[in-house]
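Taking it in order: structure first as C-alpha cells, then the write-up.
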Amino acid sequence: MYALVDCNSFYASCERLFRPELKDKAVVVLSNNDGCVVARSAEAKALGIKMAVPFFEVREFYERGQLQVFSSNYALYGDLSARVMTTLEELVPEVEVYSIDEAFLGLSGMRTEPDLTELGHKIIKRINHWIGIPVGVGIAETKTLAKLANYAAKHYPQTQGVVDLSKPGWRERLLKKTDVSEVWGVGRRTVEKLRAEDIYTAADLARADAETMRRRYSVVLERTILELRGIPCIGFDEQPNPKQQILCSRTFSHRLTCLQPMQEAIREYAVRAAEKLREEKRLTSSVSIYIRTNPNAKFEMKYANGATYPLPSPTNDSRVIMKIALRLLQGIYRDGYRYMKAGVILNALQPEDNYQADLFNPDLCTTKSLQLMKTLDQVNQRFHRGLSFAGQGQKQDWAMQRQHLSPRYTTSWRELKVVRA
DNA sequence: TCTGGGGTCCTAGGACCC
DNA sequence: TCTGGGGTCCTAGGACCC
C-alpha cells in the first residue's frame with residue numbers, strides 16, 4: 001500500500017504561515033521574474049485565477065486589493081519542505097520525496113496500524129501542529145491510484161483530507177466520476193487523443209485494452225492503465241537516483257540586445273550550474289548553452305539556438321565550464337535580436353569518485369582545481385556571494401525581478417560586509 | 001508592455017557492428 | 001530479376017511531471 005501526501009497550495013501556504021492575517025485571503029505566488037502564477041490559495045482559485053496564467057492578466061485583482069501577491073522565495077519553501085519531510089519520516093518507515101511539496105509513503109511495514117484512514121488523519125494533524133502546513137493524504141494499492149485518492153481528498157471536503165481507495169467499492173466510484181485528465185501521467189496531448197476515441201473518465205481508461213493502448217500510445221500509458229486497475233508498475237524509490245542533467249536558466253528582467261550582458265548572464269549561470277554539480281558530487285563531460293528571444297511575441301524577430309561542447313575529460317571546475325559556455329555563446333550569438341532567456345546545461349554526468357578519464361588528454365580534476373573549488377564553495381556557503389568571478393558582473397541588472405519577495409523568515413545568510421569587518 | 005525553472009522517460013531513426 | 005538477420009549506441013524531439 002502507498003500513501004501520497006501533498007501540501008495544499010504549498011508556496012501560498014508557506015507565505016501565509018508568517019502572515020497569519022492572510023488566513024482566508026486570496027494569495028498567489030509568482031514564478032521567477034514575477035511572470036506567471038504558480039501557486040494559489042483556495043480563495044485565489046475561487047476568484048477564477050487559473051494555474052500558470054501570466055500575472056498581468058490578473059493584476060486587476062491585486063490593484064483592487066483583492067489579492068495578495070508574493071514573488072517566489074525558494075529558500076523559504078525548501079526549508080519548510082525539509083521540515084515536512086522529516087516529520088513524515090518520523091511517522092512512517094518508508095518515505096520517497098517526490099517533489100518539493102509531496103511524498104509517497106510505503107505503508108507495507110505498517111501492518112500494525114489498524115486503520116489507514118486513521119493514519120492519514122494523524123499525518124495531517126501532526127504536520128499542521130508541528131509546521132502549520134495543510135496537507136492531503138491519498139491511500140491506495142498503486143502510486144497512480146494514490147495520486148488519484150489524493151486528488152479526491154482535496155476535491156471533496158467531506159473526506160476531511162483523507163481518502164483510502166482500498167475500501168470496497170471506493171475505487172470504482174471515484175474512477176467513474178473523475179475526468180481522465182486528472183490521471184497522473186495523462187497530459188494535455190494524450191487527453192485530446194483519448195477523447196477522440198470516447199475515453200472521458202478514469203474508469204473509461206482503466207477499462208481500455210492495455211495491449212492495444214500500448215501500441216496506439218506508449219508503454220507509459222499502458223502502465224498507467226494497469227496501475228488504475230490496482231496492478232503496481234511504478235516502483236518505490238527511497239533513494240533518489242543521481243541526477244542525469246543539471247540546468248541553470250533564467251528569463252532576464254528585460255530584453256537584452258547586446259553581447260556584453262549576455263556574457264555576464266552566461267557566466268553567472270555556468271557558475272551556478274557548476275555549484276549544483278559539486279553539490280551533487282558529480283562531474284560533467286558535456287556543456288551546452290542556449291539563448292532565445294520571446295517565443296510568444298507576435299511582431300518580433302524570433303531566434304533560438306543552442307550549442308554543445310563535449311569535454312574529453314570530465315570536470316566540476318567553474319572556470320573550465322564558464323570558459324566553454326562563453327565560447328559556445330560566441331558561436332551562436334547574433335546581433336539584432338531582443339533576447340529574453342539563456343541557459344547552461346550540464347550533461348553526461350559521472351560520479352566524482354569514479355569517473356572515466358581520457359587516455360590522451362590531461363585529467364582536468366587536478367588536486368589544485370578540486371581544492372580551489374572546495375574553498376570557493378566553503379566561502380560561499382558562509383557568505384552569500386562572498387566570492388565570484390569578475391565576469392559575472394557586479395550590478396547584474398539583467399537579473400530577475402522579485403518585487404513581492406517576502407523576508408528570509410527561516411533562513412539567513414551572513415552578508416559580505418561581515419567579511420570586510 | 002507584460003508569459004518559469006528544472007527535471008524524467010520513451011521513441012524513432014540513423015549509424016554502426018558482426 | 002534477385003541482396004539477411006540480429007543487434008547496440010546515440011540523438012533529437014515529444015510528452016509528461018511539479
Side-chain angles (χ1 to χ4, degrees), chain A residues 4 6-11 28-40 49-60 62-63 69 71-74 77-78 81 96-104 143-144 147 150-151 181-194 214-224 233-235 237 240-255 269 272-273 276-277 279-280 286 288 290 292-300 304 306 308 310 338 340-349 399-403:
Chain A
L4 179 75
D6 188 315
C7 303
N8 302 345
S9 317
F10 182 54
Y11 297 169
V28 296
V29 177
L30 303 179
S31 64
N32 274 344
N33 237 3
D34 296 339
C36 321
V37 171
V38 293
R40 309 157 291 158
I49 298 173
K50 298 266 183 276
M51 187 62 174
V53 293
F55 177 51
F56 66 83
E57 286 180 14
V58 296
R59 170 164 262 144
E60 272 175 56
Y62 169 65
E63 279 162 2
V69 174
S71 303
S72 12
N73 184 344
Y74 288 105
Y77 313 148
S81 168
E96 177 189 335
V97 177
Y98 178 65
S99 75
I100 194 165
D101 76 329
E102 51 187 300
F104 286 104
K143 282 183 163 181
T144 305
K147 282 284 263 186
N150 186 281
Y151 160 80
S181 62
E182 301 294 344
V183 175
W184 187 44
V186 177
R188 217 182 53 230
R189 295 297 168 103
T190 308
V191 168
E192 269 171 40
K193 286 198 241 170
L194 289 174
R214 176 177 61 197
R215 265 182 277 118
R216 210 172 285 169
Y217 294 83
S218 68
V219 66
V220 183
L221 192 67
E222 182 192 27
R223 282 203 285 255
T224 300
C233 302
I234 304 170
D237 219 348
N241 292 330
K243 282 200 170 70
Q244 303 188 37
Q245 180 180 72
I246 286 171
L247 168 71
C248 180
S249 72
R250 296 276 182 283
T251 298
F252 309 125
S253 56
H254 56 270
R255 304 290 180 263
Y269 303 164
R272 291 279 96 84
K276 285 192 218 171
L277 187 64
E279 230 168 83
E280 294 280 319
S286 167
S288 306
Y290 73 88
R292 64 168 168 83
T293 57
N294 184 358
N296 302 311
K298 289 200 175 68
F299 307 106
E300 250 180 57
T308 298
R338 298 177 67 233
M340 176 193 196
K341 185 177 180 182
V344 172
I345 306 155
L346 307 178
N347 271 305
L349 306 188
M400 65 177 166
Q401 282 180 1
R402 299 208 282 180
Q403 286 185 5

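So you know, we letter chains A, B, ... as the sequences are listed, proteins then strands, and number each from 1. Note: hydrogens, waters and symmetry copies are ignored here, and every other heavy atom, side chains too, is used.
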Base, sugar-phosphate, or nothing for [X], non-hydrogen atoms under 4.0 angstrom?
X       : value
N33(A)  : nothing
R223(A) : sugar-phosphate
V53(A)  : nothing
M51(A)  : nothing
I246(A) : sugar-phosphate
K147(A) : sugar-phosphate
D101(A) : sugar-phosphate
F55(A)  : nothing
E57(A)  : nothing
R255(A) : sugar-phosphate

Sequence neighbours left out, what passes side chain to side chain contact (heavy atoms under 4.5 Å, CB included) with [X]? Give chain and number order.
X       : result
F56(A)  : P54(A)
K276(A) : I246(A), C248(A)
S71(A)  : D34(A), R402(A), H404(A), L405(A)
S288(A) : S286(A), T308(A), I345(A), N347(A)

Map every base of DNA chain C to its dot-bracket character, where paired means a Watson-Crick or G-U wobble contact with both distances under 3.5 Å and | marks a partner outside the strand.
-> ....||||||||||||||
Partners meeting side-chain hydrogen bond (donor to acceptor under 3.5 Å, both in side chains) with S253(A) (sequence neighbours left out) | none
What pairs with D101(A) under side-chain hydrogen bond (donor to acceptor under 3.5 Å, both in side chains), at least two apart in sequence or on another chain?
-> S99(A)
Distance under 6.0 Å and angle within 45° of the ring axis: does K341(A) meet both against F252(A)?
-> no
Sorted by chain and residue number, the ring-ring contact (aromatic ring centres under 6.0 Å, His included) partners of Y290(A) (sequence neighbours excluded) come out as none
Residue whose closest nucleotide on DNA chain B lies nearer the 5' end, C248(A) versus A297(A) = A297(A)
Assert: residue with more 5' nearest nucleotide on DNA chain B, out of Q245(A) and R59(A), is R59(A)
Pair K147(A) + E102(A), salt bridge at N-O below 4.0 Å = yes
Chain A footprint on DNA chain B, 5' to 3' - any atom under 4.0 Å from a heavy atom | dC2(B) to dT11(B)
